[in-house]
Amino acid sequence: MENLIEKVKLLSKEYLDDVIAWRRHFHAHPELAFEEYETASYLAWHLEKMGIEVTKGVAKTGIVALIEGKDPDSRVIALRSDMDALNVIELTNAEYRSQNEGVMHACGHDAHMASLLGTARILNELKNEFSGTVKLIFQPSEEKYPGGASVMIQEGVLENPAPVHMFGQHVLPTLDAGKIGLKAGMYMASTDEVFITVKGKGGHAATPELNIDPVVIASYIVVALQQIVSRNATPAIPSVLSFGRIIGNGRTNIIPDQVILEGTFRTYSEKWRDEAHEKIKFMSEAIAESMGGSCEVFIDKGYPFLVNDEDTTRKVKEYAIEFVGKENVIDVEMRMTAEDFAYYSQKVPSCFYRLGVRNEEKNIHSNLHTATFNIDETALETGMGFMAWIALRELGIEK
C-alpha cells in the first residue's frame with residue numbers, strides 16, 4: 001500500500017501544472033447553470049484524450065465517464081464534481097479572472113472540475129491496480145433549482161452501472177490548503193425558497209384610514225414568523241428562517257397595493273420541514289386576514305438535507321489520515337448551507353467532504369460566493385490525489 005500511495009502522490013505532483021491550467025481555463029470561462037456547453041466540451045475533450053469512455057448531454061450539459069479496472073463489473077463507485085458558476089461580478093486581479101462579465105466561479109466549481117480531471121488521469125494511469133469501475137460524474141446546475149443532481153438521477157446516472165458508494169469534495173476557504181474536513185451524519189441543511197405576496201389597498205400615506213397597509217401587514221408577518229424557529233422548532237433540529245428581500249415599491253407618501261417577501265427556510269428533518277411549511281402558510285394568511293388584507297404563500301421546495309453515511313465517512317477519514325496525515329484531517333461542523341449532492345446522499349451511501357484552500361500568507365481567505373473568492377492552487381494536488389486514493393482504497397486495495 002505504501003508503494004501505491006507514493007505513486008498517487010508522485011502523479012499528483014507531476015500533473016499539478018496541468019490541473020492548475022485546467023482550473024484557470026474554467027475560471028476564465030465560467031458558465032451558468034444548464035448553460036455549461038463550452039465547459040462540457042472542454043471536459044469531454046480532455047477525458048477522451050486520456051482514452052476514457054464518455055457520455056455527453058446527461059441532464060442537458062452533464063458528462064458521465066467510466067474508468068474500468070480489472071473485473072470492471074465487480075464493484076462500482078462514483079466521484080462527482082459540479083460545473084456551474086454564479087451571477088457574481090469578479091473583483092479579483094487574477095490574470096485568469098472571468099472573461100464573462102457578471103459570471104464567476106465564486107464557489108470553487110472550477111477547482112472541483114480540474115481536480116476530478118486530475119483524479120481521472122491518475123486512476124486511468126493506475127487502472128491495473130484496482131478491481132471494479134470508477135464512474136465520474138460532472139454535474140451541471142448545483143447552484144440553481146431544481147439542481148442538476150436531481151435531473152441526472154432522473155436520467156439514470158445512478159444506474160448502468162450502479163455505484164455502491166458515492167463521493168464528492170468541495171473547497172472550504174476557512175480550512176488551510178493541504179487539509180481535509182469531514183463530518184459524519186447530518187452535514188448540510190435542506191433549503192426552500194419562501195415567497196409571500198401581501199395584498200392590501202394602497203393610497204395616500206397621509207390618509208392611512210382609507211387604506212389597508214400591506215407594508216405594516218408584511219412587517220408583522222416577518223416578525224411573527226420568527227416564532228417558527230424560536231418557539232416551535234425542536235432544539236435538536238437546527239433550523240433557519242430568514243427573509244432577504246422585501247419589495248414594497250411605494251413612495252414616501254404612497255402606500256402600495258402589495259408587498260412581496262422573499263426568504264429561505266432550512267432544516268434537517270423532512271417531517272419538521274413539512275410542518276414548518278404549513279405553519280408559515282397558516283400564520284401569514286391569518287395575520288394578513290386579521291389586519292384586513294390577504295396574502296398568497298408559495299414555498300419552492302428545494303434540496304433535501306445532506307447526510308454523510310456514518311460507515312462510509314469513517315472509512316474516508318481513515319483514507320485521509322493515510323494520505324495527508326492525522327494532523328491534517330479536521331472534524332468540521334454542521335452547516336446551514338445547502339448542496340444538491342444531498343440528492344445522491346439520500347439514494348447511495350455517500351461522503352461529501354471538504355478540501356482546504358485557504359492561505360493567509362498569500363491573502364487567500366475570501367468566503368464562498370464573494371467577488372474576491374480564490375483558492376491556493378497547491379490545494380489541487382491534495383484534491384486530485386486524495387480523491388484518487390479514495391477510489392483505490394474503495395476498489396480493493398488492502399493495507
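In this text the structure is predicted, and so the values were computed from the model without any measurement.
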Would you indicate whether the side-chain heavy atoms of Phe341 and Ser350 approach each other to under 4.5 Å?
yes
Counting only heavy atoms from other residues, nucleotides and ligands, does the tally under 6.0 Å from CG of Asn253 exceed 12?
yes
Kindly give the heavy-atom pair with the smallest separation between Glu296 and Lys199, and that separation in Å.
OE2-NZ, 2.9 Å
Would a hydrophobic clustering, with Ile, Leu, Val, Met, Phe, Trp and Tyr connected at side-chain separations under 4.5 Å, put Leu32 with Met104?
no
Arg358 side-chain N/O to Pro173 backbone N/O, donor-acceptor pair under 3.5 Å
yes
For the residue pair Gly302 and Asp192, what are the closest heavy atoms and their distance?
N-OD1, 3.0 Å
Around atom CD1 of Ile89, are there more than 12 heavy atoms of other residues, nucleotides or ligands at under 6.0 Å?
no
Heavy-atom nearest pair, Pro72 first then Gly69, reads CD-O, 3.6 Å
Return yes when atom CD of Glu333 has more than 12 non-hydrogen atoms of other residues, nucleotides or ligands closer than 6.0 Å, and no otherwise.
no
Hey, quick one: are Tyr344 and Met188 part of the same hydrophobic cluster, counting side-chain heavy atoms closer than 4.5 Å, chains of contacts allowed?
yes
Name of the residue among His109, Glu90, Gln99 meeting side chain to side chain donor-acceptor pair (under 3.5 Å) with His27:
Glu90
I'd like to know whether the aromatic ring centres of Tyr42 and His25 sit less than 6.0 Å apart in this structure.
yes
Residue Glu289 excluded, over 12 heavy atoms near CD under 6.0 Å:
no
Check whether any side-chain heavy atom of Gln154 sits under 4.5 Å from a side-chain heavy atom of Tyr343, and report yes or no.
no
Given 3.5 Å as the limit, does a donor-acceptor pair link the side chain of Ser74 with the main chain of Asp71, or not?
yes
Can you tell me how far the CD atom of Gln139 sits from the CG atom of Asp84, to the nearest 0.5 Å?
7.5 Å
Are more than 12 heavy atoms from other residues, nucleotides or ligands located less than 6.0 Å from atom NZ of Lys317?
no
Does a side chain donor of either Ser239 or Trp272 reach within less than 3.5 Å of an acceptor in the other side chain?
yes
Taking NZ, NE, NH1 and NH2 as the nitrogens, is one of them in Glu310 or Lys315 under 4.0 Å from a carboxylate oxygen of the other?
no
Pairing of Glu129 and Lys7 as salt bridge, 4.0 angstrom limit
yes
Show your working on side chain to side chain contact (heavy atoms under 4.5 Å, CB included) between Leu182 and Val332 and close with a plain yes or no.
CA-CA 6 Å; Leu182 293 137; Val332 295; 5.6 Å; no
Looking at Lys183, is its backbone amide N or carbonyl O close enough to the side chain of Asn308 to form a donor-acceptor pair, meaning the two atoms are under 3.5 Å apart?
yes
Nearest-0.5 Å distance that lies between atom CZ in Phe138 and atom CG in Leu116
3.5 Å
Any side-chain donor near an acceptor of the partner, Thr372 and Ser366, under 3.5 Å
yes
Of Thr378, Asn374, Asp376, which is the lone residue that meets side chain to side chain donor-acceptor pair (under 3.5 Å) with Lys362?
Asp376
Checking the side chain of Glu36 only, and the main-chain atoms of Phe34 only, is there a donor and an acceptor separated by less than 3.5 Å?
yes
Test side chain to side chain contact (heavy atoms under 4.5 Å, CB included) applied to Glu142 and Glu339, step by step:
CA-CA 7 Å; Glu142 186 277 322; Glu339 238 286 349; 3.5 Å; yes
Would a distance-only check, ignoring hydrogens and angles, find a side-chain to backbone donor-acceptor pair under 3.5 Å from Arg23 to Ala111?
no
Measuring only between side-chain heavy atoms, which start at C-beta, is Met186 closer than 4.5 Å to Arg335?
no
Pairing of Arg314 and Asp311 as salt bridge, 4.0 angstrom limit
yes
Rounded to the nearest 0.5 Å, what's the gap from CD on Glu360 to NE2 on His365? Could you check?
5.0 Å
Looking at Arg24 and Glu95, is there a salt bridge between them, counting it only when a charged N and a carboxylate O are closer than 4.0 Å?
yes
Report yes or no: does Ser242 contribute a side-chain atom to a donor-acceptor pair with the main-chain N or O of Thr264 at less than 3.5 Å?
no
Answer yes or no for Arg121 and Tyr15: cation-pi contact, defined as NZ/CZ to six-membered ring centre under 6.0 Å and angle to ring axis within 45°.
yes
Verify whether the ring centers belonging to Phe386 and Tyr353 lie closer than 6.0 Å.
yes
Would a distance-only check, ignoring hydrogens and angles, find a side-chain to backbone donor-acceptor pair under 3.5 Å from Ser115 to Met384?
yes
Hey, does the side chain of Asn100 reach the backbone of Pro30 with a donor-acceptor pair shorter than 3.5 angstrom?
yes
Testing the basics here: between Leu136 and Ala120, what is the closest heavy-atom pair and its distance to 0.1 Å?
CD1-CB, 3.5 Å
Thr267 side chain vs Pro238 backbone, donor-acceptor pair below 3.5 Å:
yes
Tell me whether Val151 is reachable from Val348 by hopping between hydrophobic residues (I, L, V, M, F, W, Y) whose side-chain heavy atoms are closer than 4.5 Å.
no
Closer than 4.0 angstrom, basic N to acidic O: yes or no for Lys127 and Glu68?
no
Write down the atom of Arg273, the atom of Tyr303, and the distance for their closest heavy-atom approach.
NH2-O, 3.2 Å
Counting neighbours of CZ on Phe282 that are heavy atoms of other residues, nucleotides or ligands and sit closer than 6.0 Å, is the number greater than 12?
no
Where do Asn211 and Gly202 come nearest, in terms of heavy atoms and distance?
OD1-O, 3.4 Å
Is the shortest side-chain N to carboxylate O distance from Glu285 to Lys281 below 4.0 Å?
yes
Could you tell me whether Lys9 sits above the aromatic face of Phe323, with NZ or CZ closer than 6.0 angstrom to the six-membered ring centre and within 45 degrees of the axis?
yes
Take Ile228 and Met283 through the side chain to side chain contact (heavy atoms under 4.5 Å, CB included) test and state the conclusion after the steps.
CA-CA 9 Å; Ile228 288 175; Met283 289 178 65; 3.8 Å; yes
When you group the ILVMFWY residues by side-chain heavy-atom contacts below 4.5 Å and let the links chain together, are Val64 and Leu123 in the same group?
no
From CZ (Phe26) to OG1 (Thr39), nearest 0.5 Å
6.5 Å
Could you tell me the separation between the OH atom of Tyr145 and the OG1 atom of Thr191, rounded to the nearest 0.5 Å?
3.5 Å
If Ile, Leu, Val, Met, Phe, Trp and Tyr residues are connected whenever their side-chain heavy atoms lie under 4.5 Å apart, and connections chain through other members, are Ile246 and Val297 in the same group?
yes
Can you tell me how far CG of Leu91 sits from CZ of Arg97, rounded to the nearest 0.5 angstrom?
7.5 Å
Taking the basic N atoms (NZ, or NE/NH1/NH2) and the acidic carboxylate oxygens, is any pair closer than 4.0 Å for Lys201 and Glu209?
no
Salt-bridge test for Asp274 and Lys301: reply yes if a basic N is under 4.0 Å from a carboxylate O, no otherwise.
yes
Residues forming a ring-ring contact (aromatic ring centres under 6.0 Å, His included) with His277, sequence neighbours excluded:
none
Examine distances only and state if a side-chain atom of Arg393 and a backbone atom of Val316 form a donor-acceptor pair shorter than 3.5 Å.
no
List the steps, then state whether side chain to side chain contact (heavy atoms under 4.5 Å, CB included) holds for Leu158 with Met152.
CA-CA 8 Å; Leu158 298 181; Met152 292 194 94; over 6 Å; no
Would Arg80 and Asp340 pass as an ion pair if we require N to O under 4.0 Å?
yes
